[in-house]
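All heavy atoms count here, side chains included; hydrogens, waters and symmetry mates do not. Chain identifiers are assigned alphabetically (A, B, ...) following the order of the sequence lines, protein sequences preceding nucleic acid strands; residue numbering begins at 1 within each chain.
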2 protein chains.
Amino acid sequence: MELFLLSNSRNHGHGFLEHVLDEVSDFIGPGGHLAFVPFALKDHDAYTKVVAEALAPRGITVTGVHATADPLRAVAEAEVLFIGGGNSFRLLKTLQRTGLREVVRERVLAGELRYMGSSAGTNMACPTLRTSNDMPIAEPDSFEALGLVPFQINPHYLDPDPSSTHMGETRQQRLEEFLEDNDVPVLGLREGTWLRVSGSTARLGGAKAARLFTRGAEPRELAPGSDVPELLTMTPHFDS
Amino acid sequence: MELFLLSNSRNHGHGFLEHVLDEVSDFIGPGGHLAFVPFALKDHDAYTKVVAEALAPRGITVTGVHATADPLRAVAEAEVLFIGGGNSFRLLKTLQRTGLREVVRERVLAGELRYMGSSAGTNMACPTLRTSNDMPIAEPDSFEALGLVPFQINPHYLDPDPSSTHMGETRQQRLEEFLEDNDVPVLGLREGTWLRVSGSTARLGGAKAARLFTRGAEPRELAPGSDVPELLTMTPHFDS
């Protein structure tokens, strides 16, 4: 199984995927072809164009699965899939209702399809939607996602701003509330970072540390570039 | 029907409900009794104690419905109900599974029960959970909430921070995504503000303007203290 799970697709001051273009190019393979799932944003054509333009300089071609006669077949025949960010509730709802959730899951777990996700697309790789940052603008059939890894990821992980006067929960408070109701580790991926899974290995990428939240323990910083294979053998326990 | 819907219960630099204590005291009535629903936070006893201590100086007594032999009966016999903030997914799940959702809804709509909510408790007064800011840490049976008003509210409404380098969506972007999928007005209530509904009247409270989002129009600022009865006669159209 080959996964490339990005916190975000657009880093501050950079173009789409620009901060990670070498790694993306390596993952897809130069001159390769990418099947793109644009369902997290409303305008599928415009979104696909952004991805195609970002990858064209590396000779990578892109097809939006929404524009094919049969998206399920497009995914069944693809070698590399990219699920882009946007709204994770809208995205999961679409993956469930189109049947793409099952097809993607089976082929990725079988090692037949390499999976790249950013933001909401990274949320999809987890067992559930429960550590999404997004607004629940659409109602999926359930929170069950692709379950490619046995832990949760929080993309766009954000450290508290000590100067803030806003009284909404900090990200850490939200994740601590998640752990009150679910005994499942959460990997907080700061912007500009990613997790690369290859078979039984898992390695953090990008210049910033990740932050790991587990029930009953203080959050732990994981250094940039760390190997974290132990995450892949965790057993998640969600509440009912 | 009498509703008192607060953006937040704790304003920056103030104690619990301190910024709005006169209005709360007026709504409950001096020497009155409050039935409190603490299900949005994990520690129900501690949460109830915070509310009781905040209201004791006004001679108001508080009972946490979780601590009664029969929460449904406690709500059926109450005159004023307060649903406190916390996590709105956990809260809605509990309201649905305990049957409180139906009892509260019926009695409030019949004018038998005055309803006060803050943050997640204000989300509950809307048709659905779809404009919550919270992390989906728990999975409710559906996103259907109490539907006491025919529009959505976004509590803790937050203006964009022009100095931010974080790439997550701003609140306005999230609400615009909501409107892409739902033709339902959203009232953004900034911290320290509230909406007071009494029969067919509705008035904004607090020192800041509210921000109204409707499909196909620029967001509109509503001045502090405005009468907004037109919100009560809107017809919401959610996607499937």
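- Of all the heavy atoms in K42(A) and D181(B), the pair that sits closest is NZ-OD1, 3.2 Å.
- Taking the six-membered ring where the residue is Trp, F89(B) and F89(A) present parallel rings, their angle staying beneath 30° rather than reaching 60°.
- When T165(B), I137(B), T131(B), L129(B) are compared by the number of non-hydrogen pairs under 4.5 Å with chain A, I137(B) comes out ahead.
- For N182(A), the part lying near chain B is the side chain, with the backbone staying farther off; criterion is any non-hydrogen pair under 4.5 Å.
- For chain B, the option among T128(A), N87(A), N8(A) with the highest count of heavy-atom pairs below 4.5 Å is N87(A).
- With a threshold of 4.5 angstrom between heavy atoms, E191(A) approaches chain B through side-chain atoms but not through N, CA, C or O.
- Of all heavy-atom pairs between P136(B) and S132(A), the closest is CD-O, 3.5 Å.
- In this structure, the portions of E177(B) lying under 4.5 Å from any heavy atom of chain A include both its backbone and its side chain.
- Nearest heavy-atom pair, F143(B) versus A138(A), reported as atom, atom and distance to 0.1 Å: CE1-O, 3.4 Å.
- Crowding of R58(A) atom CZ: a count of heavy atoms from other residues, nucleotides or ligands under 6.0 Å exceeding 12.
- Applying the 6.0 Å contact sphere to CZ of R196(A) captures more than 12 heavy atoms from other residues, nucleotides or ligands.
- The two residues R174(B) and D134(A) make their nearest non-hydrogen contact at NH1-CA, 3.4 Å.
- Separation of atoms OG (S164(A)) and NE2 (H12(B)) is listed at 8.0 Å; rounding is to 0.5 Å.
- Only the side chain of N154(A) comes within contact range of chain B, with at least one heavy atom under 4.5 Å from a heavy atom of that chain.
- Summarising the geometry of R130(B) relative to M135(A), their closest heavy-atom pair is O-CG, 3.3 Å, with the distance given to 0.1 Å.
- When each of G85(B), G168(B), S9(B) is scored by its heavy-atom pairs under 4.5 Å with chain A, the top score falls to G168(B).
- Residue contact with chain B, scored on non-hydrogen atoms closer than 4.5 Å, is absent for L179(A).
- Counted within 6.0 Å of CD on E144(A), heavy atoms from surrounding residues, nucleotides or ligands total 12 or fewer; the atom is thus considered open.
- Nearest heavy atom pair, residue H156(B) against residue H166(A), reads O-CE1, 3.2 Å.
- For S7(A), no part lies under 4.5 angstrom from a heavy atom of chain B.
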